[in-house]
Structures are given as structure tokens and as C-alpha cells.
Visitor: 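Sharing a structure with you now.
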Amino acid sequence: GLTSTAVKKVITSITTKVITSIKLPDLSSHMNPIVDLTATLGTPTIAFGVENGYDTTSGNFAKYTAGVNVSKPESCASIVLGDEGDTIKAWYVHHLDQLKKSAAVAEISRRFSTNENTFTAGGLYVVDDLTVVGAKLSNHGKLGAVHHHVIPKSMVPVSSEFDTLALDKCPRFGLTLALKP
């Protein structure tokens, strides 16, 4: 038979975590207020999540997204159905070392309305506790790079994108400053 310790281990291993949030609109500042609802249910190994936006004026759902995530010590995979069911995306991240300082990343997406498929492959490297760099290349010739730097109570992501199929176009750059209270 099972000992009480074994039963506790089984119960602990199947304990689930539920996260929900509701974002209520500021009725004084919106002509068509939307109520957002997100929920996540899962364990450290598998999680399911949904996000819905309800337009209180029309009585219709303005947006909905659903996804599942599976995590293992060396990898993580996610599938998300978004854009009101028009797009499905699948991601896979595989850590290349035990310290999780480097990883290979792949993303496949399909937009049903245009029959467009996109495959993106890339990698990232954790330079130190404050800095992460990454790069990616899609089958449409988009080459992107990102650099995240964390300063106490703030984050500074710098990103760029270059279209390798249109060398005459200027690359795009982005800079964000996120301050934490």
C-alpha cells in the first residue's frame, strides 16, 4: 500500500495553480469599454491559459486567445491560438547548457485568412544576470536582434530588424525603457 509520505508526494506533484485577472474599463475615458479576462491553470509542467475581451457596448467578444505550455527542465513548448482564431503559433525553446545561459528557439505560425506560414529560428544567450542578447531569422528574410539590459527598477530592451530580401531598405530599430515602481 501507499504510505502517507508517498500520498503527500503524489498530492504535491499534482497540485495546480490558478491565476485569474479581470481588467475593468475606465467608463469615463472609453466610448466602447472592453472588459478583459485572463486565466491560467496549470502545474510546473503544463499550463493552459485564455484571454478574452468583452465589448460591453455591442455585447460581443472583441478578442480571444487560448494556449497551452509544456515545460521540462531542458526545454519549453507552447501553442497559442490567437487573433480571434485566425492565427496559430507554436514555439519551442531548448536550453543548450545546464545553467540555461544559451538556448535555441524556433517558431512556426500560420495565418488562416491569408494562408501565410512563417518559420523563424534563432537563439539567445544570457551574458550575465542583467543582460540577454538574441537573434532570429525568418523564412521571409527578416533578421532580428534584441538586447535586454536590466538596471535596478528598470529594463532597457533594444531591438532591430533587417530585411535580407530588400537590401535597399533601412533597418528598423527600437528602444524601450520600462520603469518599475
Side-chain angles (χ1 to χ4, degrees), residues 19 21 23 25-26 29-40 47 49-53 55 62-71 75-97 99-181:
I19 301 170
S21 66
K23 181 180 175 186
D26 178 1
S29 66
H30 293 285
M31 296 301 291
N32 296 323
I34 295 177
V35 177
D36 287 330
L37 171 67
T38 60
T40 305
V50 294
E51 177 184 23
N52 287 313
D55 187 331
K63 63 179 178 179
Y64 51 90
T65 303
V68 61
N69 181 67
V70 177
S71 295
S75 62
C76 176
S78 299
I79 298 176
V80 174
L81 180 65
D83 298 324
E84 290 75 47
D86 188 38
T87 304
I88 189 165
K89 291 184 179 183
W91 293 275
Y92 179 74
V93 177
H94 188 85
H95 296 285
L96 303 174
D97 58 286
L99 297 175
K100 297 184 179 182
K101 292 182 79 65
S102 60
V105 181
E107 175 187 301
I108 299 171
S109 68
R110 174 154 177 89
R111 181 171 298 274
F112 296 110
S113 61
T114 61
N115 288 326
E116 180 183 7
N117 297 315
T118 303
F119 177 75
T120 305
L124 61 90
Y125 182 73
V126 178
V127 177
D128 56 36
D129 291 342
L130 304 175
T131 309
V132 177
V133 295
K136 63 181 182 175
L137 178 65
S138 78
N139 63 315
H140 299 296
K142 304 285 184 187
L143 177 64
V146 67
H147 173 266
H148 287 275
H149 189 74
V150 178
I151 304 168
K153 295 196 174 190
S154 64
M155 182 172 62
V156 183
V158 179
S159 61
S160 63
E161 184 180 82
F162 181 71
D163 189 344
T164 62
L165 301 178
L167 299 176
D168 57 329
K169 291 185 180 178
C170 290
R172 296 170 44 181
F173 294 95
L175 172 67
T176 306
L177 175 60
L179 301 174
K180 299 175 184 175

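Nothing here was measured: the structure is a model prediction, and the numbers come from that model.
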Visitor: Return the set of residues passing side-chain contact (heavy atoms from CB on, under 4.5 Å) with Phe119 (not counting sequence neighbours), or none when no residue passes.
Guide: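 Expected list: Ala106, Ile108, Ala121, Asn139.
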Visitor: Report the residues that fulfil salt bridge (charged side-chain N to carboxylate O under 4.0 Å, His left out) with Glu51, sequence neighbours left out, ordered by chain and then residue number.
Guide: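 Expected list: Lys63.
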Visitor: Taking all non-hydrogen atoms of both residues, which atom of Val50 and which atom of Ala66 are closest, and how far apart?
Guide: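 So the two residues come closest at CG1-CB, 4.0 Å.
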Visitor: Do you know the tightest heavy-atom contact between Asn117 and His140?
Guide: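 Looking at all heavy atoms of both residues, the closest pair is O-NE2, 3.2 Å.
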Visitor: Under the rule for side-chain hydrogen bond (donor to acceptor under 3.5 Å, both in side chains), what residues qualify as partners of His94, not counting sequence neighbours?
Guide: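 side-chain hydrogen bond (donor to acceptor under 3.5 Å, both in side chains) check on His94 returns Tyr92.
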Visitor: Suppose we screen for salt bridge (charged side-chain N to carboxylate O under 4.0 Å, His left out). Which residues come up paired with Lys89, at least two apart in sequence or across chains?
Guide: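 Result, salt bridge (charged side-chain N to carboxylate O under 4.0 Å, His left out) vs Lys89: none returned.
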Visitor: What verdict does the side chain to side chain contact (heavy atoms under 4.5 Å, CB included) test give for Trp91 and Val80, after you've listed the backbone C-alpha separation in whole Å, the side-chain angles of each residue and the deciding distance to 0.1 Å?
Guide: CA-CA 9 Å; Trp91 293 275; Val80 174; 3.3 Å; yes
Visitor: If the condition is side-chain hydrogen bond (donor to acceptor under 3.5 Å, both in side chains), which residues does Ser102 pass it with, not counting sequence neighbours?
Guide: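 With sequence neighbours excluded, Ser102 shows a side-chain hydrogen bond (donor to acceptor under 3.5 Å, both in side chains) to Asp97, given in chain and number order.
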Visitor: Over all heavy atoms of both residues, which pair between Cys76 and Asn69 is shortest? Give the atoms and the distance, please.
Guide: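 Smallest interatomic distance, heavy atoms only, reads SG-OD1, 3.1 Å.
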Visitor: Which residues satisfy the side-chain hydrogen bond (donor to acceptor under 3.5 Å, both in side chains) test with Asp128, sequence neighbours excluded?
Guide: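 Here the qualifying residues are Thr131.
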Visitor: Under the 3.5 angstrom rule, does the side chain of His147 hit a backbone N or O of Val156 as a donor-acceptor pair?
Guide: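 Such a contact is absent between His147 side chain and Val156 backbone.
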Visitor: Determine all donor-acceptor pairs shorter than 3.5 Å in which one atom belongs to a side chain in residues 169-176; sequence neighbours excluded.
Guide:
none

Visitor: So, do Asn115 and Arg110 sit near enough that their side-chain heavy atoms are less than 4.5 Å apart?
Guide: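 In short, these two side chains touch, coming nearer than 4.5 Å.
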Visitor: Which residue pairs pass the side chain to side chain donor-acceptor pair (under 3.5 Å) test when at least one of the two sits in residues 158-167, sequence neighbours left out?
Guide: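 Pairs touching residues 158-167 that pass the test: Lys142-Asp163.
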Visitor: For Leu137, is the CG atom crowded, meaning more than 12 foreign heavy atoms sit under 6.0 Å from it?
Guide: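 It does: Leu137 CG has more than 12 such atoms within range.
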Visitor: Provide the closest heavy-atom pair for His95 versus Ala103 in the form atom of the first, atom of the second, distance.
Guide: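 So the minimum-distance heavy-atom pair works out to ND1-CB, 4.0 Å.
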Visitor: With sequence neighbours left out, write down each residue that passes side-chain hydrogen bond (donor to acceptor under 3.5 Å, both in side chains) with Asp86, or none if nothing qualifies.
Guide: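 Testing Asp86 for side-chain hydrogen bond (donor to acceptor under 3.5 Å, both in side chains), a comparison that skips the adjacent residues, returns Arg111, Ser113.
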Visitor: How long is the gap from OG1 on Thr65 to CD on Glu84, to the nearest 0.5 Å?
Guide: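 Between atom OG1 of Thr65 and atom CD of Glu84 there are 7.0 Å.
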Visitor: Can you tell me how far the OG1 atom of Thr38 sits from the CG atom of Asn52, to the nearest 0.5 Å?
Guide: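 Atom-to-atom, Thr38:OG1 and Asn52:CG are 9.5 Å apart.
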Visitor: State which residues pass side-chain contact (heavy atoms from CB on, under 4.5 Å) with Ala47; sequence neighbours excluded, sorted by chain then number.
Guide: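 Ala47 satisfies side-chain contact (heavy atoms from CB on, under 4.5 Å) with Thr40 only.
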Visitor: With rounding to the nearest 0.5 Å, note down the distance linking CG in Asp83 to CD1 in Ile88.
Guide: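 Reported value, rounded in 0.5 Å steps: 11.5 Å.
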